[in-house]
Amino acid sequence: MRWSKALIPTLKETPADAVAPSHQLLLRAGMVRQLGAGAYSYLPIGFRVLHKVVQIVREEMDAAGALELLMPALQPIELWKESGRYETFGDLLMQLKTSSAQHFALGPTHEEVCTDIVRDLIRSYKQLPVTLYQIQTKFRDEPRPRFGILRTREFIMKDAYSFDADIEQLNASYDAMYEAYCRIFDRCGIPYAIVEAESGPIGGDSSHEFMVPSSTGEDTIIQCPACSYAANKERAEIGAGTATAPPIDPAAPAFEAVETPNRRTIEEVCDFLKVEKASSAKLLVFLADGKPVAVLIRGDHEANEAKVRRAFGASSLTQPDAATVEKATGAPIGFLGPVDLKIPLAVDRSVALMPSVVVGGNKIDVHLKGVIPGRDFALDKVLDLRDAVAGDPCPRCGEKMVENQGIEVGHVFKLGTKYSKAMGAHFLDDKGHEIAVIMGCYGIGVNRIVAAAVEAGHDANGIIWPLALAPYHVLIAPLQLTNPAVMEAAETLETSLQAAGYDVLVDDRDQRPGVKFKDADLIGIPLRVVISERGLKDGTIEVKWRTDATAHNISAATANEAILAELETTRKGMETLASERKISRSASRGK
RNA sequence: CGGGGCGUAGCGCAGCCUGGCUAGCGCGCCUGCCUUGGGAGCAGGAGGUCGUGGGUUCGAAUCCCGCCGCCCCGACCA
C-alpha cells in the first residue's frame, strides 16, 4: 500500500475529549473516529488491526473444534422473556419496535438465540458435545460509555456456547476454550493475567476472566505475589490469616450508648465520635431468598454480596427497601447494630478480631461504644464476607495480596442448565431419558483487544503494535521521491516482502523526513526501513524496530534477505513463546 | 441517574465576565517560491448556521430560559 493512496488522517494534536492513552493514540494515528458516545468508526488502518484480531480468534476457535455460525443481532423480545433475562438485563437491553409494532431487542449476547437453535436441532446424546461460535456486533445500552473504544454501546464480540451431555464433557469443552483463549492472547502478543471470576450458583472454578493489566482498566484484580492465586475483586477470597481474636477481658466495662443525632454514615459517625473507621462496624441487611438477614462488616470494608449469599445458603440476594429494614431491626438505616438483633447474623472475620467496636444502637440517633464481639453479640457465624483489598492474606499461601487494574478481554463461564431448563433444550441419553443440555459460554471483546494492545504498547511517540496485530508489518520510507535509485530500492523491497507474505506500507508522500518519522512512530508499525540518497551512496539501508531506541544500517545489496531474516526471527520468537507457554500450561495441568 | 466541565473552521484554543465595527490565533488544507534525516521558512488563499430553540435589547458568540450533544467522577456493568 502506498501512503499517498491510503486514508491515514494522523493528528498532531490530541483531541480534547480523549483521556485514555488508547483513545488518544487511536484517534491521532487515524485508526478510529467517533460518531457519538460509544460509537466509533474504524478507519482503514484501524480496521486492519481489528481484522487481524478477528483472524487470530477465528483460527484458534476453529483449531479448538468450535463451529462458526452467524446469528441475528435482531431478536424477538419473546426470547428474552422466555429466559427471564428481559427483567434481569433491564435497561442495558437495547430495544426497538418495528413499524408493525413488533418488539425486538438488539442482542447484547446470544445465549437465548443459540439455545433456541440447539433445542430445535439437537435431540440425541450422539450429537453432543458441540461448541458454536460467532464473531458479531453486540449492542448494550451502556449508561456510561467511556475510554474511547474500551466501553462502547456497540462492539464486536466473539461469543461461543458449548453444549454437553454431562459434567465431564462440559469440563472438557471449558478446558478447550480456556486453552484456545490462552493461545489467542499469546498470539496477539499482549500481556494478560487469568483470574478467577464470580461464577454464580455453580461455584468452584467455573469462571475465569482474561485481563490485560492497565491503569485504565475498569476491573480490579487481586493477586498473590507469592503463588499463582489471582481473582477479580468480586470473587477474591481472603485467607483466614494467623491472627486470633483477643481474649475477652472480664474487667472490661459494659458498652456505652451515645447520642449521635442524625449521624448515619460511617464517615459521619466516626468523625463525630472521633474514632477510626477501622474501629467501627456497619450492619447491613439483605433479603436472602426473601428473608431478612444481617451481616456485620468493618467500617472501612465493603460487603461482598456473593459471599453473603453463600453464607446464608441462598440462591438469591437482594437489597430490601428502608421500611423492610426498619421492620426487621426496629431502627432506621444508619443506626443498625448487632446487639440484641432479632434476625440471623453473620460476622466478617475482621470484625471478630476487634477488641471492641463502635456500632449502631438499633435505635434512632444512638450508637454504641465499647461493644465487645463475643460478649455483646454472638460469634456463631464468622466468615469471609467482604471484598478483598490490597494487603489481605492470600487464601492459598497467606502472603499479602496486591491490587491491580485490568481490562477484561475474555471470559469463560460454565453456565450449567440455566438456559436449557428455562428454554427447554433437552436431549435423550443412551437410556432414553430426557436430560437438559449442559452449557458453557465464552466471550472475547475484539475491540477491547485492540484498545488493550495500545494501552499495553505505547510510548510518548505513539503506538507500539505487536507484530501480529500491526496494520502493516513494515513501513518503507523512501526519503527522496525524485531519486530513481531510492524509489527502485523501495519498490524492490516492497515486492520481495509482500511475496514473503508481509504487509507493507510505503510512505511515498512528498514530505520532509521528520514528518515521516513522526507519523511512523505514531501509527506504530513494528519495522521501519528508511531508504535515502545518503545511505545508498554508502551502500546502506536503515532499519529500525519500533521497540528499539536506535536504528541500525544494513548492506543495501543484501537488504531484502536481511530484512526478511529479521522479520522471520521476530515472528518465530513470538511463536516459540506461544508454544512454550502452551507446554508449560499443559505441564502445570498434569500436576 | 447524581455531581462537575465543555460546545466558536477538520484539530487545538482565544473572545463571553463588562453586549457594539468585517469573529480572531496556532496546527492542518489549497497555490507559488524555497527547503529536504525527527512535525522547516516566506507569500498568497479557501474554510464559520459561534450546538439548537426561544427570550431580553436599537443591537447577542457574549445576558436569561428550555432543549440537544460530548467528556470526566460516581452509581451501574448476568
Side-chain angles (χ1 to χ4, degrees), chain A residues 7 9-20 23-24 27-28 30 33-40 80 83-93 108-112 138 140-148 150-153 155 159 197-202 207 209 216-220 232-234 302 305-306 316 319 407-408 411 413-416 418-419 422 439 441 443 445 448 460-462 477-483 486 507 509-523 528 530-538 540-542 544 549-551 553:
Chain A
L7 179 63
T10 57
L11 258 26
K12 231 190 238 188
E13 291 173 292
T14 301
D17 283 347
V19 176
H23 189 196
Q24 295 181 341
L27 285 169
R28 285 193 55 211
R33 281 294 184 272
Q34 183 176 33
L35 183 63
Y40 284 80
W80 287 81
S83 70
R85 286 164 111 197
Y86 180 70
E87 283 75 28
T88 53
F89 238 94
D91 291 338
L92 216 53
L93 192 64
T109 172
H110 281 68
E111 281 82 0
E112 281 81 359
K138 309 286 188 212
R140 291 188 190 184
D141 193 354
E142 289 290 348
R144 192 178 154 204
R146 64 181 128 180
F147 302 141
L150 212 51
R151 183 169 213 85
T152 51
R153 293 204 167 106
F155 55 95
D159 50 323
E198 193 44 57
S199 50
I202 287 193
S207 176
E209 288 172 345
T216 38
E218 296 178 287
D219 294 279
T220 303
N232 73 19
K233 198 175 176 98
E234 288 72 50
E302 294 301 322
E305 294 199 12
S316 84
Q319 297 205 359
I407 299 167
E408 182 187 350
H411 195 167
F413 198 105
K414 293 178 186 173
L415 282 173
K418 177 178 172 184
Y419 296 96
M439 292 174 60
C441 67
R448 273 193 178 179
N461 294 316
L479 295 187
Q480 292 79 25
L481 304 186
T482 51
N483 182 317
V486 168
D507 190 352
R509 295 175 300 170
D510 185 13
Q511 290 286 357
R512 299 164 65 87
V515 174
K516 296 191 179 196
F517 296 155
K518 286 288 185 187
D519 272 347
D521 286 349
L522 180 57
I523 69 173
R528 187 188 80 189
V530 176
I531 303 175
S532 68
E533 277 175 357
R534 201 178 76 186
L536 289 186
K537 208 189 294 175
D538 300 340
T540 62
I541 281 176
E542 180 194 284
K544 180 180 177 298
T550 55
N553 288 319

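Throughout, protein chains are lettered first and strands after them, A, B, ... in sequence-line order, and every chain is numbered starting at 1.
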B:G12 versus B:G7 - spacing of their P atoms, nearest Å: 11 Å
Whole-angstrom distance between B:U62 and B:C21, as gauged at atom P: 13 Å
Separation of the C1' atoms in B:G41 and B:U18, to the nearest angstrom: 41 Å
Of A:Arg140, A:Glu142, A:Arg153, the residue whose pairing with A:Pro108 passes side-chain contact (heavy atoms from CB on, under 4.5 Å): A:Arg140
Atom-pair distance (CZ on A:Arg509; P on B:U35), nearest Å: 22 Å
Whole-angstrom distance between B:C17 and B:G39, as gauged at atom P: 41 Å
Inter-nucleotide C1' distance (B:A75, B:C11), Å rounded: 33 Å
A:Gln34 side-chain N/O to B:C71 phosphate OP1/OP2 under 4.0 Å: yes
Under 4.0 angstrom between A:Arg512 side-chain N/O and B:A40 OP1 or OP2: yes
Sugar-phosphate, base or nothing in reach of A:Ser532, heavy atoms under 4.0 Å: base
Pairwise C1' distance, B:U31 and B:G69 [rounded to whole Å]: 37 Å
side-chain N/O A:Lys12 vs B:C27 OP1/OP2, d < 4.0 Å: no
Side-chain N,O (A:Arg144) to OP1/OP2 (B:C73) below 4.0 Å: yes
Polar pair under 3.5 Å, donor/acceptor by atom type, side chain A:Glu13, base B:G28: no
A:Arg534 CZ to B:U36 C1', straight-line distance once rounded to whole Å: 11 Å
